[in-house]
Amino acid sequence: MRGGLMRLPANESESDLVKARYDNLEKLRERGIRPYEGDVQATHTADEVSEKVDSIDEEVSTAGRILAVRSHGKITFMDLMDRSGEIQLYFAHDDLQDDYEVVDLLDIGDLIWVAGKPFRTRTEEPTVRVADFDIVGKCLHPLPEKWHGLTDEDLRYRQRYVDLVVNEDAFDTHVTRSKIVSEMRKFLEERDFLEVETPVMSTLAGGATARPFITYHNALDMRLYLRIATELYLKRLIVGGFERVFEIGKVFRNEGISTQHNPEYTLLELYQAYSDYEGMMGLTEDMVAHLAETITGSTEVEYDGEMIDLSPPWRRLRVVDALAGEGVDVSAWQDDEDARAEAERLGVEVESGVSRGKVMEKLLDRLVLPDLVQPTFLMDYPVDISPLAKRKDNEPEFTYRFEPVVGCMEIGNAFSELNDPHEQRRRFEQQLEQRARGDDEAHVMDEDFIKALEYGMPPTGGLGIGVDRLVMLLTDSQSIREVILFPLLRPLEEGG
RNA sequence: GAGCCACUAGCUCAGUUGGCAGAGCACCGGACUUUUAAUCCGGGUGUCCGGGGUUCGAAUCCCUGGUGGCUCACCA
């Protein structure tokens, strides 16, 4: 396209700032410079130049984005940023002669390639004395202010690319996220777990109690659901003999948005045959401690102003004991109604008709969770809210199930997997009864899963970890949106 | 879904009791050959989130709509 053509920005004032950049773009083209082309073979990153400034005697080349310009007439300093960090550039008329005029046509935000010898300035700042340079990408919008960055959260999420350019913390958080997931894979692969991929779309959304998103397949004329968990497919693979599997993937839950919830989020689920929830507790604390140590250098992390010690073993707290600590005696409840009455007495709202298990879960959320800063395994959840977990031998009202809680956040869910097909059918049938009573989050019947269990599934321990929340913990982020590159937002209305 | 709060220049923010729309950075013009939040001189670039109302006069008060944040509810 010709330089004169441009999409005008929404308001006049920005238009002036953008116009100046289009003017510079046109002037570059008039000089025969192609502002989106260039041979960008870089020999060094910015940090490598800084590190080796005293040992390199030959010319280096590097590429990145201009973050700051300090012009002094016949010389100009710039700060160049790449993925590794920043390096100062020194442009001098004496070195560049006529090409020095082009330096004036560079704007903050432009992407350039430079070549020259590294040196230190009077103030010892590592610097590249530019002998040759090329613009390889023009920035047509002004960047946010250099030391406050971009703080408007809405804008930061809508234009994450700008956020990442100007807010180093945001950049680092997402680099750390990537490292966490990578380390997680290594940790599990070293323990002989196999990574697999299971369907995102299917005709049933099972494995968790949550409302699914619904979509549609035209050719098959069929309603499909986006998965809410990977559990039931992964356990089929345990039946199939994989014995140790994991999947790190997005799941989708049609629920509200909060600082701890995004409708699509990343879940690690793993299953280990011939293990159980004890084994899963060990694996959880080992893995989280290992990740903290590897990523942050310590098993002690600061989260929301509190020091959290992630080194094993973690505290174990039975659900009934946790509630007893709040003055709630679960054994005194004769029926669901007693449970609901107790909730009302404690000022905790519960929906009418919910089971005692749901009441216990609610009381835990409201009374216990807010105090659980240090890592804790909340253990032995009631059976009526745990349709896929094995009952405890000596307490059939409870299951071998736990949730790891850190920094007052539930970061996962795990249990000894129910592997008795007849018991599983009864559990699903109970869930259907709850569904019939209006609970549209109750689990659905999955005949094929039961058939899989009928072929024999070994005793198995299963664990799910909310990867986003784990990343929050290890990056001291108080909102899940900080650790998701593009969190779900309402679309902006066209034309306001 | 409910309550509270916020929205002013490209960005970060002031704006008093209702009385001419402001600052820093960015940007434009000028000076400047080792600066680094460069400095110095000059320039304010605006749908005060949108719409309506009260008023001689509204960024400011009222109503309404939008978006976001926080708290709650639901969930991991």
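Labels below follow one simple rule: chain letters A, B, ... track the order of the sequence lines, proteins then strands, and each chain is numbered from 1.
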Can you name the residues that form a side chain to side chain contact (heavy atoms under 4.5 Å, CB included) with A:Glu30, not counting sequence neighbours? A:Glu26, A:Lys27
Mind checking A:Gly149 for me? I need base, sugar-phosphate or nothing, with any heavy atom below 4.0 Å counting as a touch. sugar-phosphate
Between A:Asp336 and A:Lys358, is there a salt bridge with N-O shorter than 4.0 Å? no
Determine the contact category for A:Glu153: base if any of its heavy atoms lies under 4.0 Å from a base atom, sugar-phosphate if only primed atoms, P, OP1 or OP2 are that close, otherwise nothing. sugar-phosphate
Touch class at under 4.0 angstrom, heavy-atom based, for A:Gln88 against every strand present: base
Every protein N/O within reach of nucleotides 25-31 of chain B N/O, cut-off under 3.5 Å:
unit_1, atom_1, unit_2, atom_2, d
B:A26, OP1, A:Lys146, NZ, 3.1

What does A:Phe119 touch in the nucleic acid at a heavy-atom separation under 4.0 angstrom: a base, only the sugar-phosphate, or nothing? base
May I ask you to say what A:Glu441 touches in the nucleic acid, namely base, sugar-phosphate or nothing, with a heavy-atom cut-off under 4.0 Å? sugar-phosphate
Measure the distance from OH on A:Tyr157 to P on B:U67 and round it to the nearest whole Å. 18 Å
Would you say A:Tyr265 stacks on B:A76, if stacking means ring centres under 5.5 Å apart and planes within less than 30 degrees? yes
Which part of the nucleic acid does A:Gly256 contact within heavy-atom distance under 4.0 Å: base, sugar-phosphate only, or nothing? base
Return the set of residues passing ring-ring contact (aromatic ring centres under 6.0 Å, His included) with A:Phe119 (not counting sequence neighbours), or none when no residue passes. A:Tyr90
Provide the distance between the two C1' atoms, one in B:C56 and one in B:C70, to the nearest whole Å. 41 Å
Name the nucleic acid region contacted by A:Asn262, choosing base, sugar-phosphate or nothing; use a 4.0 angstrom heavy-atom cut-off, strictly under. base
SB check A:Asp152 A:Arg156 (cutoff 4.0 Å): no
Less than 4.0 angstrom from a charged side-chain N to a carboxylate O is my criterion; do A:Glu58 and A:Lys117 meet it? no
Answer with base, sugar-phosphate or nothing: what part of the nucleic acid does A:Arg490 contact at a heavy-atom distance below 4.0 Å? sugar-phosphate
What nucleotide, of B:U35, B:U67, B:G69, holds the atom closest to the side chain of A:Arg481? B:G69
Classify the nucleic acid contact of A:Leu155 as base, sugar-phosphate or nothing, counting any heavy atom under 4.0 Å across all strands shown. sugar-phosphate
For A:Arg120, which contact category applies under a 4.0 Å heavy-atom criterion: base, sugar-phosphate, or nothing? nothing
Just call it for A:Asp94: base, sugar-phosphate, or nothing, with non-hydrogen atoms closer than 4.0 Å on any strand. base
Please confirm whether A:Tyr381 and A:Phe402 have ring centers closer than 6.0 angstrom. no
